[in-house]
Amino acid sequence: MARGGTDCDTAPHYPHQITPVSIMVSSSSEPLTDGAPAASVPRSLQDVVIRLAGNSQDGIQTIGGFLARLAGRSDQDVMTYMTIPATISGGPSIFQVRMGTGEILSAGDQADLLVAFYQESYASHIGFLRPGGVLIYDSDHVKIDADDHRFTPVGIPITGRTVEAVGGSSKDKGKNLFVLGLLARLFELDVAKLTGLVKDRFGGRSEDILRNAMLAFDAGYGYPSDNLRQSFFRLEAPAATEGGRPKVTLDGNTALSYGLIAAGVRYGAGYPITPWSSIMETLRTELSKYGGIFVQTEDELAAISYALGFSYAGHLAVTGSSGPGLSLKMEALGWGTMAEIPLIVINVQRGGPSTGMPTNVEQSDLLQALYGSHGDTPRVVLAPKNVEECFYVALEAARIARKFSTPVIILSDQGLSSRIEAFDEPELEKLMVDPKLNLSERGLDFKPYPLDRITKHATPGSRIASGKYPTVTGLEHDEMGHPSGNSAMHQKMNEKRREKLKALAAELPLPEVYGDAEGDVLLVGWGSTWGPVREAVGRLRAGGAKVGQLHLMHLNPMPLGIDAIFRRYRHVLVVEMNDPGIYGFGQMAMLLRAQLAMPHIASVAKTDGLTFKVNEIVVGVNKRVDLNREGARA
Amino acid sequence: MARGGTDCDTAPHYPHQITPVSIMVSSSSEPLTDGAPAASVPRSLQDVVIRLAGNSQDGIQTIGGFLARLAGRSDQDVMTYMTIPATISGGPSIFQVRMGTGEILSAGDQADLLVAFYQESYASHIGFLRPGGVLIYDSDHVKIDADDHRFTPVGIPITGRTVEAVGGSSKDKGKNLFVLGLLARLFELDVAKLTGLVKDRFGGRSEDILRNAMLAFDAGYGYPSDNLRQSFFRLEAPAATEGGRPKVTLDGNTALSYGLIAAGVRYGAGYPITPWSSIMETLRTELSKYGGIFVQTEDELAAISYALGFSYAGHLAVTGSSGPGLSLKMEALGWGTMAEIPLIVINVQRGGPSTGMPTNVEQSDLLQALYGSHGDTPRVVLAPKNVEECFYVALEAARIARKFSTPVIILSDQGLSSRIEAFDEPELEKLMVDPKLNLSERGLDFKPYPLDRITKHATPGSRIASGKYPTVTGLEHDEMGHPSGNSAMHQKMNEKRREKLKALAAELPLPEVYGDAEGDVLLVGWGSTWGPVREAVGRLRAGGAKVGQLHLMHLNPMPLGIDAIFRRYRHVLVVEMNDPGIYGFGQMAMLLRAQLAMPHIASVAKTDGLTFKVNEIVVGVNKRVDLNREGARA
Amino acid sequence: MSSATLTPPPAAPGAPLTKKALTADHPTWCPGCGDFAVLASFYRVLERLQYPQESIVTMAGIGCSSRFPYFVNTHGGHFIHGRSLPFSAAVSLGRDDLHVFVFGGDGDGFSIGGNHLVHTARKNVNLTYVIMDNFVYGLTKKQTSPTSPIGFKSKTDPTGAIDQPINPMRTLVNSGATFVARSHATQVNHMIEMMERAARHDGFSVVEILSECVEFYEGAFDGANPRKGGQFKLIENHDPSDQVAAYKLASEPWPGLFGVFYEATRPTKNALEAGLIAKARERTKGAGDLELLQASFRKAR
Amino acid sequence: MSSATLTPPPAAPGAPLTKKALTADHPTWCPGCGDFAVLASFYRVLERLQYPQESIVTMAGIGCSSRFPYFVNTHGGHFIHGRSLPFSAAVSLGRDDLHVFVFGGDGDGFSIGGNHLVHTARKNVNLTYVIMDNFVYGLTKKQTSPTSPIGFKSKTDPTGAIDQPINPMRTLVNSGATFVARSHATQVNHMIEMMERAARHDGFSVVEILSECVEFYEGAFDGANPRKGGQFKLIENHDPSDQVAAYKLASEPWPGLFGVFYEATRPTKNALEAGLIAKARERTKGAGDLELLQASFRKAR
Ligand SMILES: Cc1ncc(C[n+]2csc(CCOP(=O)(O)OP(=O)(O)O)c2C)c(N)n1
Ligand SMILES: Cc1ncc(C[n+]2csc(CCOP(=O)(O)OP(=O)(O)O)c2C)c(N)n1
Ligand code: SF4
Ligand code: SF4
Ligand SMILES: [Mg+2]
Ligand SMILES: [Mg+2]
């Protein structure tokens with residue numbers, strides 16, 4: 001099966017690289033490939049999807065990350081997707097990179113190229129390769145189905161060649177870099193940049209490690225693949241890059257962390273949990289540079305208590321967690337609402353309920369974000385749609401928390417947390433918020449909880465001219481913050497806490513509808529379903545239906561005017577990754593139906609722990625709406 | 001102002017008592033009363049409302065309790081209402097008793113008789129006395145407004161006479177019993193039963209205490225009030241009592257505790273919090289008699305963990321709390337949903353959010369009960385409508401928990417918890433559930449989580465014939481309970497957990513509509529608003545409108561067929577004690593709108609921490625619905 | 001609202017801080033409650049310390065004792081049950097210019113809040129924590145507390161408590177707190193001394209004060225009250241820096257000893273975090289916030 | 001599902017309980033993880049104890065170590081992070097016929113679960129708790145744990161941990177646990193002995209086992225491993241019923257001592273609650289449940 005060693009085994013020579021911009025893939029059969037090819041017309045791709053399938057120990061996340069970073073550096077759009085085994089000692093794992101010149105909206109429903117390290121990788125992922133796609137497999141480990149002619153298989157003794165290149169001592173470590181080299185050659189990637197990334201990563205360690213890494217890379221790069229390269233992938237010169245800002249490639253958790261820093265957040269507290277942890281790790285590392293403190297606490301109850309304490313002390317603070325940890329924060333969060341303390345709470349959603357599916361994606365904590373605490377606790381809830389918005393949502397959360405003196409919850413998710421995307425470097429000069437304590441003396445009429453205005457606390461350390469110091473409390477209270485058992489006061493303070501959210505709603509811009517402004521179906525989404533929904537809108541419109549997309553970042557309160565938009569469509573389908581519940585509606589669909597009582601709001605919801613595939617949305621829409629029949633009726 | 005001592009100061013002689021059944025009150029002016037009376041036509045009352053207003057130290061709760069117990073013993077309906085000061089060292093406090101022969105549905109919007117111990121009591125509560133009502137005040141403490149002719153004031157030197165009767169040593173302790181004696185004479189209450197209650201209560205303590213209590217009682221009873229009595233209150237012979245069961249008078253928390261015992265619940269755990277505590281105190285005291293254990297834990301997180309442990313060990317267990325404590329239980333409760341453990345969780349709702357209004361009533365934890373945990377956690381939520389149903393709801397909760405292997409939340413409230421009502425003694429012979437462990441060997445095909453059936457756990461201690469022992473876990477799992485990261489399995493298990501609630505819904509009876517079966521307005525309620533809503537229906541119908549009432553005990557899932565009922569009314573108004581939120585709908589209204597998307601569902605909601613007055617509902621309905629105009633249109 | 005009439009006119013900046021300026025609402029405790037004496041002593045401590053009024057923060061959890069901050073006219077407040085320490089630790093860490101005092105009961109501190117106590121102590125966060133221990137749950141009206149002795153009859157142990165109570169001094173000595181003392185609410189001068197020393201201590205300092213709940217546990221501490229025939233025995237001949245010796249002292253039978261059980265110097269978390277910041281700033285050579293974040297983004301290009 | 005092929009046929013009732021019957025899934029721990037040895041030793045302990053298989057319950061919280069119950073073919077499971085003790089205490093209290101074992105890590109037990117540990121211990125609930133202490137958060141991939149030593153570099157302390165760690169032995173000795181021992185995952189026989197003694201102890205028994213996380217804290221316990229040049233020093237000449245002496249022993253510097261630090265007899269909560277029931281039944285003269293409840297209602301007439 002394996003094709004074995006070939007002719008050219010010399011040290012590679014790097015040609016002058018051009019940045020790949022669009023990639024032409026032809027699937028015509030050439031001698032270097034195994035078996036017979038399927039479709040053979042060369043076709044132009046706007047983008048390419050590469051899936052690397054192996055075990056988590058093989059370092060495929062590492063080379064996937066290199067590819068994504070490289071694409072970003074080359075002004076391409078990129079999005080990655082990975083799975084992490086839930087077991088501790090590793091196990092099957094994938095990394096998928098999609099890159100191209102157009103706007104990349106999802107990680108791709110199908111791969112153009114699959115690299116399979118093991119038999120299991122081949123078996124589990126071959127179904128994901130598009131017909132006519134290329135399969136590169138480690139011929140030392142994988143035996144493919146010779147009768148499967150849908151793909152173009154290329155067997156390469158990855159293990160053998162790596163061991164050969166690096167030397168016997170290091171077992172098969174380095175296979176990932178061999179593959180990186182191979183891909184660099186195939187796609188004519190910018191080797192200088194790529195090896196720069198490799199050196200950045202491994203340079204800090206021992207000389208040996210870097211040397212071995214480069215040996216493996218060179219072996220892959222030098223592996224005779226010219227036939228394959230020339231026939232399968234034709235790389236075109238890059239389009240002139242726009243004058244715009246440089247691209248950066250980050251994962252969602254890092255983007256969110258940087259967003260917090262830009263927003264002037266310098267204090268926080270947390271407790272580790274997947275997939276939230278990397279935010280606290282980043283902040284713990286970064287904040288001291290900015291003069292701030294991030295505390296790892298004994299549990300999540302303490303974490304939010306610390307965060308509220310920091311905020312009370314005048315430093316808008318952040319805490320966060322994932323599902324189980326959020327549940328533990330609900331009592332203190334209610335205090336934050338009652339005492340009207342500005343605060344940012346991040347929830348990186350994962351599969352629930354309970355410990356659930358810790359390394360899978362889900363959007364099932366929305367209702368908890370709104371209603372998780374006892375009592376009437378009006379909540380501000382935001383969700384970013386992609387990695388770039390992870391950065392901006394932090395700024396918006398901080399703005400709202402400060403202006404309305406309230407906790408703000410950000411719902412990110414496991415998918416966003418680890419996926420890498422390229423986006424325009426933010427204009428920090430304009431965005432940076434300078435955190436400052438206001439310790440000025442407060443006037444004679446100072447009251448922290450005036451019934452007719454939004455609460456503004458006096459930071460401890462501030463003198464109060466009247467000599468009457470305010471208190472913060474979770475008991476119902478009067479305008480000075482002193483406990484009050486007065487019935488009318490309770491009703492008024494409930495109103496006060498509720499009405500400020502209405503004031504916020506009134507200032508929010510109504511998001512623009514993408515696609516058709518009226519017609520058959522409006523697809524409504526929130527959070528990370530944005531990309532797949534947008535692609536689905538494209539496909540549905542291509543099929544002749546009139547379809548629009550409305551995507552919400554402000555989940556509660558919502559901007560005004562959504563009802564008018566909804567009325568322009570025959571169907572409103574809310575696409576979300578949660579369970580449709582006993583009445584058949586996903587969590588956001590429930591909120592919208594409750595608010596608007598419009599029976600044409602329904603759900604496309606699922607909870608398989610995986611990001612929506614574009615096709616799943618298209619199928620979901622067609623299942624609920626007979627677009628043809630209706631189109632005919634219209 | 002005080003009328004001073006009068007003629008007859010001899011030891012009282014108890015006439016042969018007849019049980020008062022209906023009470024006639026006339027407000028004609030008689031020599032014994034101060035000032036001029038208001039309306040003076042004698043009128044028959046179906047029931048009488050007595051409000052005692054003093055300080056919490058005065059023991060007015062005690063005598064109120066006696067009155068309520070007495071009424072119950074006399075086969076009358078009764079309902080009480082009290083306020084407890086939120087401060088520790090006591091403060092203004094009231095106890096209100098409403099009793100009568102008809103069905104008593106609420107504690108009454110207005111009092112027929114007000115007893116005011118202090119100036120503050122007078123000032124705060126005179127507005128609650130109906131025009132023409134009788135005001136008895138302690139003329140040693142209170143100076144009334146002589147120009148207020150709306151009421152019939154009767155000044156009595158309560159303090160002086162009590163001190164005189166009991167002897168100087170005991171300060172003014174005993175005023176409450178003086179008043180009890182007075183009321184016994186006025187209403188011709190059953191003195192034998194009443195003094196029996198007094199002896200039950202004080203007999204256990206020192207001789208002195210009981211003697212003093214009886215001295216004070218006698219002084220009140222002997223106080224010359226014959227004029228007043230004869231002219232104001234005419235007591236009629238009791239109607240023949242129905243052959244039915246004897247009446248019992250209990251508060252809601254005790255009824256709930258007894259319901260749990262009847263349901264075979266023998267284990268539980270909790271942490272003190274007002275107004276939940278008395279349930280745990282009762283269970284801690286009672287369960288050992290039944291061979292059970294109730295553990296006071298270090299906090300609420302431990303409490304629910306213990307309860308889940310007991311249930312896992314085969315003993316359906318209970319935990320409970322009020323608002324803040326419920327928030328702390330949300331993580332473990334999610335585990336209970338995931339692992340499908342039968343469990344009863346009681347939440348005695350109080351004013352929220354946060355520490356809120358601990359001694360006030362509210363229904364603002366409904367959405368938390370449904371959505372307080374992260375992830376998709378289908379929940380069973382029940383609420384009792386009155387004290388009697390506190391007993392039966394426990395039986396229903398236990399039935400559901402066992403049959404569907406699921407946590408069940410019972411939402412009671414502060415109002416129900418402490419209010420005393422009379423109801424037919426339950427037929428325990430038929431109702432008692434015998435708790436039994438099932439330690440039989442489980443068959444070869446045993447699986448705790450079969451996809452096609454409802455989960456039935458194998459109690460530890462049971463042999464498993466296959467030799468393959470099951471696990472319980474909060475991770476997503478396969479049919480044996482072993483963790484599974486499989487996407488399809490997650491989706492299927494989510495469905496399994498959701499579908500069993502649908503199965504439950506299908507077996508629930510649709511509650512009957514009270515009042516008009518179609519027409520202008522359907523008033524929907526849940527929990528303790530039942531009584532005031534029912535009275536409001538009566539008043540609205542008396543005004544000519546076509547009004548019905550639908551009251552839900554099963555809040556989630558709901559019985560099927562509610563939509564059809566809703567369609568028969570032009571307006572559906574949900575009456576509840578919570579905040580209408582940023583979109584204008586109370587919590588239950590939100591759920592109904594989300595489920596049914598019917599725009600004619602709206603809210604009559606408030607959060608002043610007090611039970612709904614009947615009139616507030618009537619006014620609330622009229623504000624939202626122009627019954628006259630619509631009636632004309634119809 | 002109700003506090004309006006009770007608040008004194010503000011002291012001029014720089015004027016000495018008096019009890020009058022510090023008095024806020026009239027305490028809502030039961031007449032005779034031990035907590036009154038703790039409050040009065042605390043006013044005296046603040047008069048001695050003379051911190052600027054606006055720099056004092058008094059916080060508490062939930063309980064009778066935890067209503068304390070309402071009666072002290074400074075910044076501060078009432079957090080949730082059992083978690084006043086992490087809240088207040090953040091106030092201290094975030095604002096080294098403030099003087100942070102935390103008050104609470106035995107239930108708040110040793111039951112629901114027991115873990116936070118231990119972890120705040122091992123972190124040695126710079127603040128003073130006063131536990132008003134009455135061996136009972138006061139606010140919720142007489143349930144067994146983690147310090148209720150075996151046999152104590154409460155609403156949750158009608159036939160007498162059966163669980164072994166915790167030993168506050170042993171627990172505190174072991175926690176890592178760097179100042180641990182014990183006092184009695186009837187011994188005003190001792191109480192003032194202990195609280196003042198705790199306040200002046202750099203690090204996490206705790207004073208447990210036996211403070212009688214006259215409503216639900218009358219006479220609980222008579223055994224240590226000379227006026228009630230008890231013995232108020234002070235610690236003598238003890239090296240307070242010897243943790244094992246302190247542990248041993250704390251094991252004395254009821255009513256035990258009073259005074260400072262443990263006192264040590266160990267870097268506070270406040271100082272350690274300041275150290276991390278200083279080191280980081282050294283590495284980044286004083287770059288401004290904008291520069292720093294720009295550099296991070298540059299690396300992500 | 002995956003476990004289907006791994007489960008052995010059931011042992012006949014009465015047949016001796018073997019490791020084979022006790023083995024469930026293949027552990028998902030990293031190769032070399034110390035927890036493997038703890039598991040193997042636990043099988044041996046159960047083989048020695050010969051409890052009926054169906055009467056054994058193994059529970060855990062969340063963490064690498066807490067996956068333990070999946071690998072033991074008995075009733076049991078995986079509760080939430082930090083709260084396995086109250087859950088398991090109820091299993092023990094509710095069912096005196098069961099043998100309850102609880103497993104967990106240092107984060108689970110001393111961080112988020114620290115308070116439950118103390119309160120389950122003071123209540124002396126009859127169960128055995130094994131803490132697999134690796135001085136790090138394993139499952140979440142290398143954050144500082146409450147036992148991580150100062151200076152340990154983790155993802156949350158990239159320049160080294162700064163908070164003073166807790167001392168597990170001191171904390172356990174003080175907690176009120178009635179059996180407290182310490183062992184090392186490389187010392188199999190010692191570990192078996194400690195776990196067996198803990199299991200046979202009537203009351204709350206705890207064994208802390210130093211169990212290396214080869215992935216995130218390699219070599220952490222070499223100092224106490226003779227094969228790695230360390231010293232495995234056993235406790236000698238110690239009266240394990242002397243709590244203060246145990247506290248002192250627990251204060252020895254790293255790597256400290258191994259063996260039984262504390263062992264005492266004190267009524268278990270199981271026995272105390274049984275006593276309450278017996279007394280109540282005496283008072284009610286053996287009335288049945290129906291009669292009892294009827295009597296309560298009669299009083300409310
Ligand atoms: C989460 C939560 N659980 C329970 C309560 C009820 N609660 C308030 S104070 C208190 C305990 C009071 O005892 P302690 O801390 O000793 O203070 P004391 O009143 O005796 O001064 C409890 C259980 C609460 N407020 N919040
Ligand atoms: C409420 C909650 N918070 C956080 C987590 C994430 N989490 C899982 S295990 C763990 C700690 C693991 O450390 P340890 O208990 O020492 O066990 P180890 O993995 O080292 O054996 C954490 C923080 C969780 N599952 N639940
Ligand atoms: S109940 Fe006890 S602790 Fe509370 S105020 Fe009264 S005496 Fe003090
Ligand atoms: S991460 Fe550490 S503790 Fe977890 S299985 Fe691997 S070696 Fe063991
Ligand atoms: Mg107390
Ligand atoms: Mg660990």
Side-chain angles (χ1 to χ4, degrees), chain C residues 82 109-125 146-147 150 157-167 169-178 203-204 242-252 264 266-276 279-280 283, chain D residues 82 109-125 146-147 150 157-167 169-178 203-204 242-252 264 266-269 271-277 279-280 283:
Chain C
F110 296 121
S111 191
I112 191 167
N115 204 37
H116 302 311
L117 173 49
V118 169
H119 286 272
T120 317
R122 78 177 175 91
K123 288 187 158 93
N124 199 23
V125 178
T147 51
I150 290 178
D157 277 310
T159 58
I162 56 174
D163 296 335
Q164 173 173 292
I166 65 136
N167 176 322
M169 279 300 111
R170 284 212 306 223
T171 298
L172 292 170
V173 164
N174 182 56
S175 69
T178 46
F204 185 75
D242 182 339
Q243 204 182 356
V244 173
Y247 191 82
K248 197 171 170 188
L249 273 190
S251 306
E252 288 280 300
R266 180 157 72 75
T268 61
K269 176 133 181 113
N270 306 53
L272 291 167
E273 292 289 339
L276 288 185
K279 257 191 266 169
R283 273 198 307 275
Chain D
F110 296 121
S111 191
I112 191 167
N115 203 38
H116 302 311
L117 173 50
V118 168
H119 287 272
T120 317
R122 79 178 176 90
K123 289 187 157 93
N124 199 23
V125 178
T147 50
I150 291 177
D157 277 311
T159 58
I162 56 175
D163 295 335
Q164 174 173 290
I166 65 136
N167 176 322
M169 280 300 111
R170 285 211 306 222
T171 298
L172 293 170
V173 164
N174 183 57
S175 69
T178 46
F204 185 75
D242 181 341
Q243 204 183 356
V244 173
Y247 191 81
K248 197 171 168 186
L249 272 191
S251 306
E252 289 281 299
R266 179 156 72 75
T268 61
K269 179 143 181 99
L272 292 166
E273 292 289 340
L276 288 184
I277 291 171
K279 258 191 267 169
R283 274 197 308 274

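Letters go in sequence order (proteins before strands), and every chain restarts at 1.
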First locate atom OG1 of D:Thr159, then atom CZ of C:Arg283, and finally report the distance between them rounded to the nearest 0.5 Å. 6.5 Å
Shorter than 4.5 Å, heavy atoms on both sides: which option in C:Gly160, C:Pro146, C:Ala121 has the most such pairs with chain D? C:Pro146
Considering only heavy atoms from C-beta outward, does the side chain of C:Gln243 approach that of D:Tyr247 to under 4.5 Å? yes
Is it the backbone or the side chain of C:Ile112 that comes under 4.5 Å from a heavy atom of chain D, or both, or neither? backbone
Once ring pair (Phe, Tyr, Trp, His ring centres under 6.0 Å) is applied, do any residues pair with C:Phe110, and if so which ones, sequence neighbours excluded? none
For D:Glu273, the side-chain hydrogen bond (donor to acceptor under 3.5 Å, both in side chains) test, sequence neighbours excluded, returns B:Arg284, D:Lys269
Heavy-atom distance under 4.5 Å to chain D: side chain of C:Pro165, backbone, both or neither? backbone
Per-residue contact mode, D:Thr171 against chain C (heavy atom under 4.5 angstrom): both
Residue, of C:His116, C:Lys279, C:Lys248, C:Arg266, that accumulates the most heavy atom pairs under 4.5 Å with chain D: C:Arg266
Could you state the interatomic distance from CG (D:Asn174) to CG (C:Asn167), rounded to the nearest 0.5 Å? 7.0 Å
Please give me the minimum heavy-atom distance between C:Gln164 and D:Gly176, naming the atom from each residue. NE2-CA, 4.2 Å
Can you give me the closest heavy-atom contact between D:Ile162 and C:Leu272, atom names plus distance? O-CD1, 3.4 Å
Does any backbone or side-chain atom of C:Ser251 lie under 4.5 Å from a heavy atom of chain D? Answer side chain, backbone, both or neither. side chain
Could you tell me whether a side-chain N or O of C:Asn115 sits under 3.5 Å from a main-chain N or O of D:Ser111, the two making a donor and an acceptor? yes
